[in-house]
Amino acid sequence: MKKVQIKTVKGFNEVLPPESFRWRQVEDKFRNLLEGYGFAELRLALLEPTELFARSIGGETDIVEKEMYTFIDRSERSLTLRPEGTASVVRAYNQYSLGKSNEINKLYYIGPMFRYERPQKGRYRQFHQLGAEVFGEESFYQDAETLVMLAQLFHTLSIKGVELHLNSLGCEACRPLFRDQLKDYLSRHQAGLCDDCRRRGAENPLRALDCKNPQCREAVAEAPSIGDALCCDCRQHFAGLCALLADAGIAFQINPRLVRGLDYYTRTTFEFLAGDLGAQNAVAAGGRYDRLVEELGGQPTPAFGFAVGFERLMMLVGSEVAPLTLPVAALLPLSEEALRRLFPLHVELNRRAQMTTLSFQHKSLKSQLKKADKDGVRYALIVGPDELAQDEALCRNMRTKEQTKLPFAEIGEFLWERYHEH
RNA sequence: GUGGGUGUAGCUCAGUUGGUUAGAGCGCAGGAUUGUGGCUCCUGAGGUCGAGGGUUCGACCCCCUCUACUCACCCCA
């Protein structure tokens, strides 16, 4: 080990080849799918005024209370590395008045998010999300379309065994009533609750439903169910969504305990759960947030969105990689003169496509062939003094070992044809 | 923030009750073949054994502290 190696910060993991190829393949599939549904990409700032997240995610949530990378910059402003994407998208939607032009109401993003938590399997301090938001559509058809699209994403990636869990949290008309009911229930059952849930009772009672403490689960088992408390409109919205999903052949479970960790959700919330994610189980989650745009200073605008945890998604994607494109041939110069002759050819060929490799060092033919073999090229073009004198290369087929003479003038065409064969 | 596990070569890991030159496989480099790869064989490079302190004649091994990684709790994508 060297002295004082500088290393990455804890929880900030970097993606090296060949993993980076797999990442891009999955990203590409996501982009293609989303753009097929009319989504357009947004590339947003990673750093935002702290206030944005405090207002959107909710001041009482764990994310805001203890998980944000927040610091004061040189002009004394409090800034935060974004812990999630939706707040920024909504901020941008308002800031640039994206709602004024109808065609741009479906937006997606891919990028890093930051949360100051202890890293573990499937959870990192810098992690990545693929997310999308739809603005201006209140219909449950929108909820259904988005969920069907997500199911397609998993299907496209050959991921099996993800379960869709659904719930409705109601709207501003019925949720406060339910909150009161629940608060009331919790205060009557304080004895059975953990410390956290007792504290939550007042500010964020819904979270108690979601507590993993077995004691709490028991205490909450008889609590009022949100499903019973929904108003007429919310009930219809949710029923409509469920019917569409059933018609589309998408399996789902209604989970009245499903409460999101962020405060802005209304009506539909969902999670796609999977095993094989370590102690984590959510690979994607989201829902409807009909009030947030307005709360962040925009026009009243219903919205629906989701985020996929990219690292978690990658854990579910099999390790099989689409074969990488390999160079067609290795150029093997056996002298300085040969190298000088081959270099312009090499540069010219690779301008069009990945065609050749070329060693700039004087190595033995043997070691160059070894390298060519390892690189998986189909041909080796050997050029030594003899070939140079004849203005040709010795073309060796690496599989059949057959060798033929190939004039320099024909190399380009020869390789270009072989390039398209594979 | 709390708890457990693990730090030995580029990678994956051995290392006996504490004993003198710390090993293997893979990978890398070279050779066996004056200009011919994969298989085989030979050779080589590469380690302050995570860091510091302690016990001991002697520490990779035992003790303490720190640190990193990792898994889990909390919570979340």
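Note that the structure is a prediction, hence the values are computed from the model and not measured.
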Expressed as a whole number of angstroms, how long is the span from D386(A):CG to rU36(B):C1'? 14 Å

Each nucleotide in nucleotides 69-77 of chain B should get exactly one letter: B, S or -. Can you fill that in based on protein heavy atoms under 4.0 Å? S-SBBBBBB

Rounding to a whole Å, what distance do you find between L369(A):CG and rG37(B):C1'? 5 Å

How would you list, by chain and number, every residue that makes a side chain to side chain donor-acceptor pair (under 3.5 Å) with E65(A), sequence neighbours excluded? none

Under 4.0 angstrom, heavy atoms only, what part of the nucleic acid is L394(A) near: base, sugar-phosphate, or nothing? base

For residues 147-154 of chain A, dump all side-chain donor-acceptor pairs below 3.5 Å to protein atoms at least two apart in sequence or in another chain.
{"from": "Q152(A)", "atom 1": "OE1", "to": "Y37(A)", "atom 2": "OH", "distance (Å)": "3.2"}
{"from": "Q152(A)", "atom 1": "NE2", "to": "Y37(A)", "atom 2": "OH", "distance (Å)": "3.2"}

If you round to the nearest 0.5 Å, how far is SG of C395(A) from CZ of R418(A)? 7.5 Å

Among residues 400-408 of chain A, which ones have heavy-atom contacts with RNA chain B below 4.0 Å? K401(A), Q403(A)

To the nearest Å, give me how far apart CG (N397(A)) and P (rG37(B)) are. 15 Å

Which residues satisfy the side chain to side chain donor-acceptor pair (under 3.5 Å) test with E172(A), sequence neighbours excluded? none

What's the gap between rC76(B) and rU16(B) when it is taken at their C1' atoms, as a whole Å value? 47 Å

How far does the P atom of rA29(B) sit from the matching atom of rU20(B), given to the nearest Å? 34 Å

Side chains of residues 271-280 of chain A: which donor-acceptor partners sit under 3.5 Å, not counting sequence neighbours?
{"from": "E271(A)", "atom 1": "OE2", "to": "R260(A)", "atom 2": "NH2", "distance (Å)": "2.7"}

Salt bridge (charged side-chain N to carboxylate O under 4.0 Å, His left out): which pairs involve residues 384-403 of chain A, sequence neighbours left out? R341(A)-D391(A)

Could you give the distance separating rC61(B) and rC42(B) at their P atoms, to the nearest angstrom? 34 Å

Residues in side chain to side chain donor-acceptor pair (under 3.5 Å) contact with E27(A), at least two apart in sequence or another chain: none

Under 3.5 Å for both pairing distances: what stems, at least three Watson-Crick or G-U pairs long, include RNA chain B? B:1-7 with B:67-73, B:10-13 with B:23-26, B:28-32 with B:40-44, B:50-54 with B:62-66

Any side-chain donor-acceptor pair under 3.5 Å between E163(A) and Q253(A)? yes

Would you tabulate the side-chain donor-acceptor contacts of residues 290-298 of chain A under 3.5 Å, counting partners in other chains and residues two or more places apart, or write 'none'?
{"from": "D290(A)", "atom 1": "OD1", "to": "R288(A)", "atom 2": "NH1", "distance (Å)": "2.9"}
{"from": "D290(A)", "atom 1": "OD1", "to": "A303(A)", "atom 2": "N", "distance (Å)": "3.2"}
{"from": "R291(A)", "atom 1": "NH1", "to": "E294(A)", "atom 2": "OE1", "distance (Å)": "3.0"}

Nearest-angstrom distance, C1' atom, rU56(B) to rC62(B): 10 Å

Atom pairs under 3.5 Å, N or O on each side, protein against nucleotides 28-32 of chain B: can you list them with distances?
{"from": "rC28(B)", "atom 1": "OP1", "to": "K374(A)", "atom 2": "NZ", "distance (Å)": "2.7"}

Looking only at side chains, do E222(A) and Y185(A) share a donor and an acceptor under 3.5 Å apart? no

Identify, with sequence neighbours excluded, every residue that meets salt bridge (charged side-chain N to carboxylate O under 4.0 Å, His left out) alongside D375(A). K371(A)

Q368(A) CD to rU36(B) C1', straight-line distance once rounded to whole Å: 11 Å

R399(A) CZ to rU36(B) C1': how many Å, rounded? 18 Å

Between the side chains of E35(A) and R31(A), is the shortest nitrogen-to-carboxylate-oxygen separation below 4.0 Å, so that they form an ion pair? no

